[in-house]
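Note sheet for the following structure.
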Amino acid sequence: MSVSSLLSALLMLASTATASHFYGGSMTFSSRKNPDGSYMVNIRFKEAFHGCDQSDYWSCRSGNCGSKSNYVSGRVDSSSNGGSWCQTEGVMKRTVSNNRPFQLHQSSCCWIFNTVTTGGNWQLLTHIDLGVRSDTSQPNRSPVATTLPIVRVPQNCPRNYNLLSCDPDHDQVRCRYGVLSANECGMCNQHAGFTLNQNTCTLSYGNSSVRGVYAFELVMEDYPTQNITLNYTAIAAAVRTPFVNGSSNPPLSKIPLQFALEVEAPAPSCTEGEYLPRFIHPTPLHGEHLQARVNQELEIRVKATATYSSITDVVFSGPLNSTKETTTTGEYVINWTPTSDNFGQHFPICFIAEGQHGSRNYQSEMRCVIVVVEAAGPKAQVTCSRDTMSVSVERATISGIHGDHLRLNNNASCLVSSNSTHVFTTFSLTGCGTQIEETEEHLLFKNTIITFDDPRHVITRKNEIGIEVMCKYQKKSSISTRFDAHRQAVNFTERGFGSFSYQFEFYQTDSFRNLIAPNTYPVEYNVGQAIYMEIEPVNLVQNTEVFLESCVATPYDNPNYPISYPIITNGCGVDETVHIYTSHESNVKFSMEAFRFIGQFDQVFISCSIIICQANNPYTRCAQGCTNGTVIAPSSHVHKREAAIQTGSHFISQGPLRLKRSASLTEAISPSLNLNLVFVAGCVVAVVAMVCGMMVYKSRGSKINYQLLKTDEI
């Protein structure tokens with residue numbers, strides 16, 4: 001045997017060995033014309049096996065497939081459930097001399113072992129046509145599609161799987177079963193109990209008498225919505241027409257979309273949110289389009305709930321180099337940073353929540369979103385230190401924004417400075433409304449630079465820009481001191497009252513004598529346990545009283561967070577367990593039961609709005625007490641010779657509080673406001689030579705003390 005024949009045989013043997021236990025695959029492509037008249041084809045393909053095989057075994061089946069100029073691959077996600085799978089994505093660039101159609105093909109053995117068809121070979125085929133379209137003057141782009149390698153459904157639970165069918169050229173997308181004679185599939189089964197809507201690419205499961213794994217080998221095709229012409233450099237032009245039932249008109253392209261579906265044992269209930277996980281806020285909707293920017297990190301937040309199951313994971317299928325983290329509030333965060341090569345392209349991301357009850361593992365519906373990559377946004381430099389964040393943004397990248405009308409969050413005292421070239425600011429991680437978030441591996445501190453109409457205005461109807469900046473600190477065992485979660489006193493300055501400080505504290509009993517020590521934060525409570533709180537001045541201001549205007553519980557130290565639980569509104573207790581112990585005094589003491597809100601989240605902050613008034617003055621807001629919200633509050637504005645009788649509203653917060661869990665609790669639903677964010681990338685590894693930050697294109701914090709690590713400790 002010749003050396004070349006031996007190498008070919010070994011390669012085929014390796015391919016067969018690594019390709020066993022196939023879970024499915026997909027491919028998408030786009031292209032651009034090079035200055036020399038050739039074409040650069042960008043091809044992305046996903047495959048899933050028992051192991052993380054990252055090899056490229058694609059071959060040219062027909063036409064001129066050109067030469068491969070670049071190839072990278074890596075793991076996307078994996079799971080021990082569903083037979084233990086790993087999905088990878090390969091990104092391949094091919095240079096072809098002309099724009100004639102060609103086909104790429106891959107095949108091997110074997111599909112994941114399944115009890116339905118006893119296994120079989122698999123094939124993937126992609127038809128790429130680079131003809132220049134008469135409607136766009138550009139080469140055709142394929143539909144974008146991906147799916148989880150294996151989806152699972154209880155035998156007694158009908159379910160629809162809406163396969164993502166989005167086309168960047170706005171073509172009609174259709175899905176059909178692969179045809180063996182066209183080398184589009186290996187087993188080519190059309191299973192009983194399932195229905196495929198070819199127009200909407202929806203696979204519906206009705207019922208099946210046989211449990212086990214079913215292999216679905218689908219083909220996704222795109223057709224123009226009107227007659228168009230494809231122009232070529234080496235062959236005659238061709239006409240493409242819209243799809244018509246019964247006709248044989250060819251598609252613009254065809255790509256594989258293959259996956260496994262396991263029919264499991266029946267579930268006790270098919271209602272989403274009981275055993276089967278149900279997505280809740282801030283999870284994006286299926287089919288939603290999200291904007292990302294070049295070199296800025298995209299963040300997609302996913303959260304699910306189930307009454308009788310514990311959410312154990314969110315598995316996803318996304319672009320290469322995407323990552324996943326879990327926050328302490330139970331959110332799963334999918335991150336991805338597009339590069340300049342991704343500009344103008346569309347990228348699909350699909351995800352499923354998994355919940356466990358006993359030995360059973362259940363899946364939610366599968367949701368998919370489309371990420372559209374836009375040009376780079378504001379160019380910023382974020383520098384993180386032990387306790388401050390410094391931000392500098394190039395003015396040229398935020399043209400049209402008045403440099404004197406920028407500030408941090410809704411804090412009027414935290415203005416952003418500017419000169420002819422940059423806007424810049426430095427602020428404390430404990431001030432200016434900085435918000436803290438914790439994941440399994442990082443501590444994140446976030447704030448937002450916003451525009452406002454007038455420095456005297458607290459609100460604006462014209463929020464022209466929102467740039468969220470972030471410092472990310474890696475949690476390492478060699479950090480000597482952990483962050484102090486206890487909030488320090490809040491300082492206010494108001495005309496007529498001067499400067500004053502108020503402290504928000506928790507107490508052990510209703511005697512308000514035994515303060516909960518700051519070094520024990522975050523504070524843990526049992527379900528139904530009373531929480532005793534006091535807001536008092538650090539130094540008593542004579543002839544004043546405090547009015548507790550409002551209090552809310554939020555999962556982050558941000559009273560404006562869209563998910564909140566009202567405790568006190570307009571001075572009135574909203575929660576039935578609220579008890580206010582004081583009235584018209586220099587401090588305010590109140591309590592409520594923990595289970596009313598802490599059970600909704602892993603951690604909760606309490607944020608209150610207070611007003612300081614002149615004592616015993618009947619014309620102040622303090623004197624009015626609880627109102628229904630229709631009473632017009634007295635103005636704190638005074639003329640030159642008048643004395644101030646009350647301050648404006650000031651926020652003060654404390655936390656976090658955490659629940660001592662003894663049973664699973666149900667999440668609240670809040671469908672409003674999608675909080676998916678787009679980041680300008682960075683991180684902090686607590687090393688002098690490795691300090692960076694993040695910026696988010698679109699809010700309060702903890703004092704931290706880190707010991708900087710030596711290089712050899714990383």
Side-chain angles (χ1 to χ4, degrees), residues 17-26 46-55 73-90 110-116 119 122 146-155 157 159 161 211-216 258-268 275-279 283 300 302-306 308-328 330-335 349-368 439-441 664:
T18 57
S20 61
H21 309 298
F22 181 65
Y23 279 83
S26 62
K46 293 188 177 73
E47 295 174 344
F49 303 96
H50 272 312
C52 292
D53 176 38
Q54 300 179 15
S55 300
S73 66
R75 171 187 172 277
V76 175
D77 201 4
S78 60
S79 175
S80 58
N81 297 320
S84 186
W85 55 264
C86 176
Q87 186 182 65
T88 62
E89 181 174 65
C110 299
W111 267 96
I112 177 178
F113 174 78
N114 65 79
T115 60
V116 180
W122 56 269
T146 191
T147 183
L148 272 297
I150 184 168
V151 294
R152 307 194 313 277
V153 59
Q155 188 176 17
C157 298
R159 174 171 280 176
Y161 289 96
R211 301 178 197 170
V213 178
Y214 294 77
F216 285 89
Q258 301 187 7
F259 58 95
L261 188 151
E262 183 175 6
V263 176
E264 301 180 309
Y275 293 89
L276 308 180
R278 172 174 51 86
F279 287 121
T283 310
I300 301 175
V302 178
K303 192 170 187 178
T305 182
Y308 305 110
S309 299
S310 300
I311 305 302
T312 56
D313 198 6
V314 167
V315 291
F316 77 100
S317 175
L320 183 65
N321 297 323
S322 49
T323 61
K324 178 179 64 180
E325 281 193 306
T326 309
T327 71
T328 56
E331 293 180 359
Y332 290 80
V333 184
I334 301 170
N335 298 299
I349 298 178
C350 297
F351 48 86
I352 288 176
E354 296 189 330
Q356 186 171 358
H357 176 78
S359 60
R360 290 289 305 274
N361 188 281
Y362 299 98
Q363 283 192 342
S364 69
E365 63 171 320
M366 182 174 68
R367 286 193 186 180
C368 301
T439 70
E440 293 176 340
E441 298 180 358
S664 62

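Quick note: residue numbers are just sequence positions, from 1. Just so you know, these numbers use all the heavy atoms, side chains as well, and skip hydrogens, waters and symmetry mates. These numbers were taken from a predicted model, which means no experiment stands behind them.
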Discussion item. Restricting to side chain to side chain donor-acceptor pair (under 3.5 Å), what partner residues turn up for E365, sequence neighbours left out?
Written reply: R367
Worksheet item: Judged by atom type as modelled, is there a donor-acceptor pair below 3.5 Å linking the side chain of S73 to the main-chain atoms of G90?
Response: no
Practice prompt. Taking all heavy atoms of V151 and all of Q363, pick out the closest pair and write down the distance.
Written response: CA-OE1, 3.3 Å
Item to complete: Could you walk me through whether V153 and L261 pass the side-chain contact (heavy atoms from CB on, under 4.5 Å) test, one step at a time?
Response: CA-CA 8 Å; V153 59; L261 188 151; 3.8 Å; yes
Item to complete: Could you please spell out the steps behind the side-chain contact (heavy atoms from CB on, under 4.5 Å) verdict for T326 and V333?
Response: CA-CA 6 Å; T326 309; V333 184; over 6 Å; no
Fill in: Audit row: H357, Y275, ring pair (Phe, Tyr, Trp, His ring centres under 6.0 Å) steps and yes/no
CA-CA 7 Å; H357 176 78; Y275 293 89; 5.1 Å; yes
Discussion item. Can you give me the closest heavy-atom contact between G355 and S309, atom names plus distance?
Written reply: C-CB, 4.0 Å
Practice prompt. Could you pull out all residues at least two apart from Q155 that satisfy side chain to side chain donor-acceptor pair (under 3.5 Å)?
Written response: R211
Practice prompt. For S322 and P319, indicate whether the former's side chain and the latter's backbone hold a donor-acceptor pair under 3.5 Å.
Written response: yes
Worksheet item: Which pair of heavy atoms, one from A304 and one from I311, lies closest together, and at what distance?
Response: O-CG1, 3.5 Å
Worksheet entry | From F22, F259, F216, residue fulfilling ring-ring contact (aromatic ring centres under 6.0 Å, His included) relative to W111 | F22
Fill in: Any donor-acceptor N/O pair, T327 side chain to E331 backbone, under 3.5 Å
yes
Discussion item. Once side chain to side chain contact (heavy atoms under 4.5 Å, CB included) is applied, do any residues pair with S78, and if so which ones, sequence neighbours excluded?
Written reply: R75, C86
Item to complete: Answer with yes or no whether the side chains of Q87 and S317 bring together a donor and an acceptor at under 3.5 Å.
Response: yes
Worksheet entry | Derivation and outcome, side-chain contact (heavy atoms from CB on, under 4.5 Å), residues D313 and Y332 | CA-CA 8 Å; D313 198 6; Y332 290 80; 3.9 Å; yes
Fill in: Residues forming a side chain to side chain contact (heavy atoms under 4.5 Å, CB included) with S364, sequence neighbours excluded
P277, F279, I352, A353
Worksheet item: Counting distance only, does the side-chain N/O of D77 pair as donor-acceptor with the main-chain N or O of F316 below 3.5 Å?
Response: yes
Discussion item. How close do V213 and V116 get, counting heavy atoms only, and between which atoms?
Written reply: O-CG2, 3.4 Å
Response to the item:
Closest heavy-atom pair, V315 versus S79, reported as atoms and distance to 0.1 Å, is CG1-CB, 3.9 Å
Worksheet entry | Qualifying residues under salt bridge (charged side-chain N to carboxylate O under 4.0 Å, His left out), relative to R152, sequence neighbours excluded | E264, E354
Worksheet item: Does a side-chain heavy-atom distance below 4.5 Å link T323 with I334?
Response: no
Worksheet item: Is the Y23-H50 ring centre distance short of 6.0 angstrom?
Response: yes
Worksheet entry | Residues which pass salt bridge (charged side-chain N to carboxylate O under 4.0 Å, His left out) with E89, listed by chain and number, not counting sequence neighbours | R44, K46
